[in-house]
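To keep things clear, I will list the structure first and then write my remarks on it.
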Amino acid sequence: MKNKPIIESSYWQNLLIKIALVAGTIAIIVWAMPRDKETSFKMEQGKPWRYADFTAPFDFPIYKSEELVQQQRDSMVRIFEPYYNYNAEVEARQLKQFRQDYADGIPGLPNQHFQSIINQLHRLYSQGIMNTSDYNGLRTDTTKCIRIVNGKTASSVQVSKLYSTIGAYEQLFTDSQLADYKELLVKCNLNDYIMANLSYDKERSDAGLDDLLTSIPLASGVAQRGQKIIGRGDIVDEHTYNILQSYFRENDRRHQDDAQLSFVVLGEILYVGVLIICFTIFLQLFRKDFFEKPRSLAMIYALILLFSVVASLMVSHNVLHVYIVPFAMLAIFVRVFMDSRTAFMAHTTTVLICAALLQHPLEFIAVEEMAGLVAIFSLRELSSRSQLFWTAAIITGTTMLTNLALYWIRSGDIAQLDYSEFNYLLVCGLMLFCSYPLLYIIEKAFNFTSNITLIELSDMNKELLRRMSEVAPGTFQHSIQVGNLAAEIARKIDAKSQLVRTGALYHDIGKIANPIYFTENQAGMNPHEGKTYVESAQMLISHVTEGLKLADKYNLPQVIREFIATHHGLGKTKYFFIKQKNEFPEEQVDDLLFTYPGPNPSTKEQAILMMADAVEAASRSLPDYTEQSIRELVNRIIDSQVDEGYFRECPITFRDIQYAKTVLIEKLKTIYHTRISYPELKK
């Protein structure tokens with residue numbers, strides 16, 4: 001009863017972790033999904049429209065192109081008349097200063113010409129004087145006008161009729177009366193009395209220009225709801241292209257509305273949530289072994305999240321084409337580390353999520369689903385590195401053929417074939433060749449073991465196996481034989497044959513520590529003589545713990561360590577246990593001293609290894625190898641294991657066990673078949 005609260009606490013903790021994982025996946029995917037659907041269409045002027053007939057879903061204005069609007073804006077800017085304020089005080093102040101400075105007249109200049117200078121300055125100020133920099137910026141256009149504000153009136157004047165400060169000074173000497181005295185007047189620095197009386201009114205000019213620019217109509221018509229814009233196969237001309245761009249623009253504007261945006265987000269949450277939750281229910285109902293392992297869930301949801309977010313970012317930022325994302329890689333990873341059904345469901349869930357990013361997703365779904373199916377089929381049993389490369393090549397060819405078929409269905413014209421999508425699919429295929437190094441990264445990150453790793457571990461030149469072959473040759477041969485038997489059973493009952501074969505090679509690795517204590521390595525001398533039965537039993541049991549130590553030392557995967565720990569389960573060293581009971585019936589025997597540490601097998605592969613190991617070892621003690629004796633041996637040993645409950649914790653059925661018996665009997669009959677005796681040559 002004390003353990004019940006702990007179990008319930010652990011259950012709720014695991015449940016909350018799974019809920020958080022699902023909710024977090026949904027939230028991140030929805031957050032990354034683009035709100036702008038414009039980039040979902042791929043269209044070019046002069047190319048055929050490759051999607052379904054498009055009709056206006058609502059009334060929207062047909063906006064002018066950016067180029068046209070900019071041209072009109074530039075034209076308005078050219079004809080715009082900036083505002084300049086006329087300051088009469090400048091003339092009065094400067095003329096007053098001139099009279100004060102030359103109250104006694106200008107030496108050498110007749111008095112009647114002094115008044116001519118004042119009259120000339122008055123004329124220039126009345127005409128208008130600007131800063132030289134402003135004047136030079138405006139005079140490039142001889143027809144350019146400005147508006148001069150004098151009090152409450154504003155009059156339009158051509159810039160050519162005005163003067164710059166430099167131009168006004170030069171204009172002084174155009175007077176016929178003053179021209180003869182130019183050298184004398186130059187020394188008087190008359191330019192000191194010439195200042196701009198027209199100042200730029202930035203505030204009024206900016207406001208006027210804004211009013212003028214905003215008066216430019218941005219639309220040149222209206223597309224009505226239900227109006228057909230373009231049909232499939234029609235050429236996208238400039239006018240149609242502009243209408244489609246106008247639709248995208250108006251659609252974006254509508255999505256900026258908070259109320260509409262909230263419904264869009266709600267729809268995305270609902271759509272992604274339904275897909276992720278349905279996939280989670282699939283795992284919970286049909287793949288409970290994966291559903292109960294946090295690392296399995298973490299890998300699956302991490303892959304779904306990664307590919308969905310990458311596709312969302314590519315669509316939202318209009319980076320290349322979504323076909324460049326190698327979605328089939330997800331199916332490859334899940335298939336290698338889990339199984340085909342889970343790989344198909346995970347891949348389909350991801351493709352359907354990403355299809356929501358596109359306006360017309362059917363072609364995308366068809367191409368990517370074919371890629372996923374081919375990836376799963378071609379990796380039915382991964383046994384070599386080259387399979388991954390062949391898989392990438394087959395996927396690339398299949399997706400290209402699928403895309404070509406869809407194009408012919410849509411257009412029926414090979415002359416207008418768009419090769420850009422095929423280029424993206426080719427790049428995607430090249431990226432699939434990276435599956436092998438990425439497979440290693442995922443394997444280490446989530447603590448999985450792929451078939452490639454198992455094959456590498458099965459290499460007889462591995463240090464640990466080579467050492468066993470040298471130190472314990474009998475055990476080494478026994479392990480090879482057990483691996484062959486177990487792999488054959490695994491193939492028969494649809495278990496993982498490569499896993500059980502590799503596990504068989506390492507299951508007795510602990511015997512390296514004391515090989516002489518195991519009969520297969522003895523040659524005449526028996527070291528158990530002189531030892532108590534308890535000591536001998538402990539010596540046999542120690543090969544499990546010693547094997548786990550070696551597994552840690554050589555960094556063997558967890559699945560291999562589990563074979564080492566479970567190949568005897570919680571069984572007893574029956575030989576010494578029975579000897580102890582028979583010879584010392586009056587003594588109380590501690591069963592734990594004769595019991596392996598276990599645990600019992602928890603997977604089908606571990607159960608297969610336990611059966612093959614026990615049967616292969618016992619078969620060596622048969623006095624004769626007849627079909628009946630082999631059959632009786634196999635039935636007795638496996639039935640005993642079933643009766644003692646070794647297989648209660650693993651998902652193996654009676655049907656599987658019966659198949660295992662059949663395979664063991666047939667194989668042992670083949671191994672121990674009777675050979676004919678060769679006759680001797682008579683002399």
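Heads up: numbering here begins at 1 and tracks the sequence.
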Practice prompt. Search all heavy atoms of Gly429 against all heavy atoms of Thr396 and return the closest pair with its distance.
Written response: CA-OG1, 3.0 Å
Fill in: Residue pair Thr153, Asn150: steps toward the side-chain hydrogen bond (donor to acceptor under 3.5 Å, both in side chains) verdict
CA-CA 6 Å; Thr153 63; Asn150 188 0; 5.7 Å; no
Item to complete: Decide if atom CD of Gln227 counts as having more than 12 heavy atoms of other residues, nucleotides or ligands within a radius under 6.0 Å.
Response: yes
Fill in: Test applied, side-chain contact (heavy atoms from CB on, under 4.5 Å); reference residue, Met130; option that passes from Thr165, Asn197, Ile146
Ile146
Response to the item:
Sorted by chain and number, sequence neighbours left out, salt bridge (charged side-chain N to carboxylate O under 4.0 Å, His left out) with Arg204 holds for Asp201
Fill in: Contact summary for Ser156 and Cys145, nearest pair of heavy atoms
OG-CB, 3.6 Å
Practice prompt. Taking the side chain as every heavy atom from C-beta outward, state whether Asp101 and Asp192 have any atom pair closer than 4.5 Å.
Written response: no
Worksheet item: Side-chain contact, heavy-atom cut-off 4.5 Å: Thr350 with Ser308?
Response: yes
Worksheet item: Under the 3.5 angstrom rule, does the side chain of Ser435 hit a backbone N or O of Leu432 as a donor-acceptor pair?
Response: yes
Discussion item. Using side-chain contact (heavy atoms from CB on, under 4.5 Å), reason through Leu306 and Leu330 one step at a time and then give a plain yes or no.
Written reply: CA-CA 10 Å; Leu306 174 64; Leu330 184 148; over 6 Å; no
Worksheet item: When rounded to the nearest 0.5 angstrom, what is the spacing between CD1 in Ile230 and OH in Tyr247?
Response: 14.0 Å
Worksheet item: Just wondering, are more than 12 heavy atoms of other shown residues or ligands nearer than 6.0 Å to CG in Leu426?
Response: yes
Discussion item. Whether the side chain of Thr398 engages the backbone of Ala371 through a donor-acceptor N/O pair (distance < 3.5 Å, no angle test) should be reported.
Written reply: no
Worksheet item: What is the minimum heavy-atom distance between Val22 and Tyr301, and which atoms define it?
Response: CG2-OH, 3.9 Å
Fill in: Worked verdict on Leu303 versus Ile442 for side-chain contact (heavy atoms from CB on, under 4.5 Å)
CA-CA 10 Å; Leu303 290 174; Ile442 291 179; 4.1 Å; yes
Fill in: Between NZ on residue Lys228 and OG1 on residue Thr55, distance to nearest 0.5 Å
9.5 Å
Discussion item. Under a 3.5 Å distance rule, please check whether Ser75 uses its side chain to pair with a backbone N or O of Gln71 as donor and acceptor.
Written reply: no
Discussion item. In the structure I gave you, are the side-chain heavy atoms of Leu297 and Ile17 within less than 4.5 Å of one another anywhere?
Written reply: no
Worksheet item: Could you state the interatomic distance from CE (Met195) to CG (Asn87), rounded to the nearest 0.5 Å?
Response: 9.5 Å
Worksheet item: Just by modelled atom types, is the Pro294 backbone N or O under 3.5 Å from a matching donor or acceptor in the Lys18 side chain?
Response: no
Worksheet item: Would you find a donor on one side and an acceptor on the other, under 3.5 Å apart, between the side chain of Tyr323 and the backbone of Asn423?
Response: no
Worksheet, complete the sentence: d(Ile269 CD1, Ile29 CD1) to nearest 0.5 Å is 12.0 Å
Practice prompt. Identify the two heavy atoms, one from Met329 and one from Met431, that lie closest to each other, and give their separation to 0.1 Å.
Written response: CE-O, 3.3 Å
Worksheet item: Where is the tightest heavy-atom contact between Ala311 and Val322, given as atom of each residue plus distance?
Response: CB-CG2, 4.0 Å
Fill in: Minimum side-chain heavy-atom gap Glu369-Phe344 below 4.5 Å
yes
Discussion item. Can you confirm whether Met400 is buried at CE, in the sense that more than 12 heavy atoms of other residues, nucleotides or ligands lie under 6.0 Å from that atom?
Written reply: yes
Worksheet item: Does Val236 offer a backbone N or O that forms a donor-acceptor pair with the side chain of Thr240 under 3.5 Å?
Response: no
Fill in: pair Arg99-Ile118: side-chain heavy atoms closer than 4.5 Å
yes
Practice prompt. Side-chain contact test, heavy atoms from C-beta onward, threshold under 4.5 Å: evaluate it for Tyr125 versus Ile129 and give yes or no.
Written response: yes
Item to complete: Examine distances only and state if a side-chain atom of Glu363 and a backbone atom of Asn403 form a donor-acceptor pair shorter than 3.5 Å.
Response: no
Discussion item. With no hydrogens and no angle check, just 3.5 Å: does a side-chain donor-acceptor pair link Asn242 and Glu238?
Written reply: no
Worksheet item: Could you state the interatomic distance from CG (Leu352) to OH (Tyr271), rounded to the nearest 0.5 Å?
Response: 5.0 Å
Worksheet entry | Set of residues satisfying side-chain contact (heavy atoms from CB on, under 4.5 Å) with respect to Met76, sequence neighbours excluded | Ile79, Leu212, Leu213, Ile216
Worksheet item: What distance separates Leu373 CG from Ile395 CD1, expressed to the nearest 0.5 Å?
Response: 10.5 Å
Worksheet entry | Donor-acceptor contact present, side-chain Ser246 to main-chain Tyr63, <3.5 Å | yes
Discussion item. For a 4.5 angstrom cut-off between non-hydrogen side-chain atoms, does His347 reach Phe333?
Written reply: no
Discussion item. Quick check against the 3.5 Å criterion: does Lys144 have a side-chain atom that pairs as donor or acceptor with the backbone of Phe80?
Written reply: yes
Worksheet item: So, do Phe327 and Phe364 have ring centers that fall under 6.0 Å from each other?
Response: yes
Item to complete: Under the side-chain contact (heavy atoms from CB on, under 4.5 Å) rule, what do Tyr84 and Val157 come out as? Steps first, then yes or no, please.
Response: CA-CA 10 Å; Tyr84 280 80; Val157 180; over 6 Å; no
Item to complete: Could you tell me which residues satisfy side-chain contact (heavy atoms from CB on, under 4.5 Å) with Phe389, sequence neighbours excluded, listed by chain and number?
Response: Phe433
Response to the item:
Minimal heavy-atom distance between Met314 and Val325, with the atoms involved, is SD-CG2, 3.2 Å
Discussion item. Are Phe98 and Ile117 packed together at the side-chain level, in the sense that at least one heavy-atom pair is separated by less than 4.5 angstrom?
Written reply: yes
Fill in: Distance flag, aromatic centroids of Tyr440 and Tyr436, threshold under 6.0 Å
no
Discussion item. Please determine whether side-chain contact (heavy atoms from CB on, under 4.5 Å) holds for the pair Ile148 and Leu162, giving the CA-CA distance in whole Å, both sets of side-chain angles, and the decisive distance to 0.1 Å.
Written reply: CA-CA 11 Å; Ile148 298 177; Leu162 303 174; 4.0 Å; yes
